[in-house]
Chemist: 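Got a structure here, written out as structure tokens. Questions coming.
Numbers restart at 1 for each chain; the letters A, B, ... are given by sequence-line order, proteins then strands. In this text, all values refer to a predicted model and were calculated from it rather than measured experimentally.
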Number of protein chains: 2
Amino acid sequence: MSKRRPATPKCCSDLTAAINPRFFKALCDPTRVAILVRLATCGRPCTVSEVANGCPIDVSVVSRHLAQLRDAGMAAGERRGKEVYYAVRFSAIASTLRHLADAIDACCPPTWSKPKRN
Amino acid sequence: MSKRRPATPKCCSDLTAAINPRFFKALCDPTRVAILVRLATCGRPCTVSEVANGCPIDVSVVSRHLAQLRDAGMAAGERRGKEVYYAVRFSAIASTLRHLADAIDACCPPTWSKPKRN
DNA sequence: CTATCATTTGCACAAGGACGCAAATGAGCA
DNA sequence: TGCTCATTTGCGTCCTTGTGCAAATGATAG
């Protein structure tokens, strides 16, 4: 008599809300990921020039990538004088990922129902 | 006398390894995400036609998206007769996300060092 | 104010990805 | 074997996005 599972479990609407396109789009491009890792590896906030230094791509492109990471909530930019220091928002990224992981778990039925043959 | 943090913390190489481009590329496209959510909402393995039914896009496109989700490790496809049943790999997705979240945390220094002025 | 440096933005071009249609493949059935 | 249905794949097109160069903006020093 106890209902097993609603036809459309409410968890999945949460799932849609948990998937922020801008967030994952930011992780699509290998160059952008490399920039993010480089920023994380640095261990402290870095300027655009510092990040671009040694990279084969133009500074303007690095600036755009950093802005995109900022808009995605994965980095924070702070201007100090002429320079802008970017830092990885570690906890924000981790919490976003864990939030989605929880939403996924909530969507997963404990026992996977056998598909009915039609 | 105790060292605070190595110049290049080993955690960040883990970070690079934890970010699978194919995984996040799969979540870039809104249509693909919608298909994933639809598959999750269904609550059971669905055929390509079932997923495509009611969608404004062509079946072939849905098939391609599902294949991409499969290659990304987010879905599993199993052929039964003429049809192929796709299912969301909930635990695989969740564990991938949590693994990355852990790698991010490991990369984050407890006390964020003040940026040195150059 | 002018000069200089760091960063951002406008613009044009190239590369990559999504899409639809048609053809090919896989699998069951008469 | 021939037919039908479900899925996949090839191909051309369109749209998005990454990229470099040049110009504009922001900010400090002289």
Chemist: Looking only at side-chain atoms of B:Val61, point me to the closest of D:dT7, D:dT28, C:dG20.
Modeler: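 Ranking D:dT7, D:dT28, C:dG20 by closest atom to the B:Val61 side chain puts C:dG20 first.
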
Chemist: Considering only heavy atoms and no angle criterion, is a donor-acceptor pair shorter than 3.5 Å present between the side chain of A:Arg64 and the base of D:dG20?
Modeler: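 A donor-acceptor contact between them is present.
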
Chemist: Under a 4.5 Å cut-off applied to non-hydrogen side-chain atoms, are B:Leu27 and B:Met74 in contact?
Modeler: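 A side-chain contact exists here, since the closest heavy-atom pair is under 4.5 Å.
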
Chemist: Check if the side chain of B:Ser60 and the base of C:dC21 share a donor-acceptor pair of N or O atoms closer than 3.5 Å.
Modeler: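 Such a pair is found, so the answer is yes.
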
Chemist: Considering only D:dT7, C:dA18, C:dA6, which nucleotide approaches the side chain of B:Val84 most closely?
Modeler: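 That would be D:dT7.
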
Chemist: Give a yes/no on whether any side-chain N or O of B:Tyr86 is located under 4.0 angstrom from OP1 or OP2 of D:dA6.
Modeler: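 It does not, given that no N or O in the side chain of B:Tyr86 lies less than 4.0 Å from OP1 or OP2 of D:dA6.
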
Chemist: Checking contacts here: which listed nucleotide (D:dC5, C:dT7, C:dC19) is nearest the side-chain heavy atoms of B:Thr31?
Modeler: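 Minimum distance to the B:Thr31 side chain belongs to C:dC19.
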
Chemist: Which listed nucleotide (C:dC19, C:dT7, C:dA6) is nearest to the side chain of A:Ser63?
Modeler: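 Closest of the options to the side chain of A:Ser63: C:dT7.
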
Chemist: State which of D:dT28, C:dT7, C:dC21 makes the closest approach to the side chain of A:Lys82.
Modeler: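 Within the option list, the nearest is D:dT28.
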
Chemist: If the cut-off is 4.0 Å, is B:Lys25 near the phosphate of C:dG17, judged by side-chain N/O to OP1 or OP2?
Modeler: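 So the side-chain polar atoms of B:Lys25 do come within 4.0 Å of the phosphate oxygens OP1 or OP2 of C:dG17, strictly under.
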
Chemist: Under 4.0 Å between a side-chain N/O of B:His65 and OP1 or OP2 of C:dG17, yes or no?
Modeler: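 False: B:His65 side-chain N/O out of range (4.0 Å or more) of C:dG17 OP1/OP2.
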
Chemist: Measuring from A:Thr31:OG1 to A:Leu36:CG, what's the distance to the nearest 0.5 Å?
Modeler: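 Going from the OG1 atom of A:Thr31 to the CG atom of A:Leu36 covers 12.5 Å.
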
Chemist: Quick check: on DNA chain D, is the nucleotide nearest A:Pro56 upstream (toward 5') of the one nearest B:Val59, or the reverse? Name the residue that is more 5'.
Modeler: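 The answer here is B:Val59.
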
Chemist: Under 3.5 Å, is there any donor-acceptor pair linking the side chain of A:Ser49 to the base of C:dC5?
Modeler: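 Absent.
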
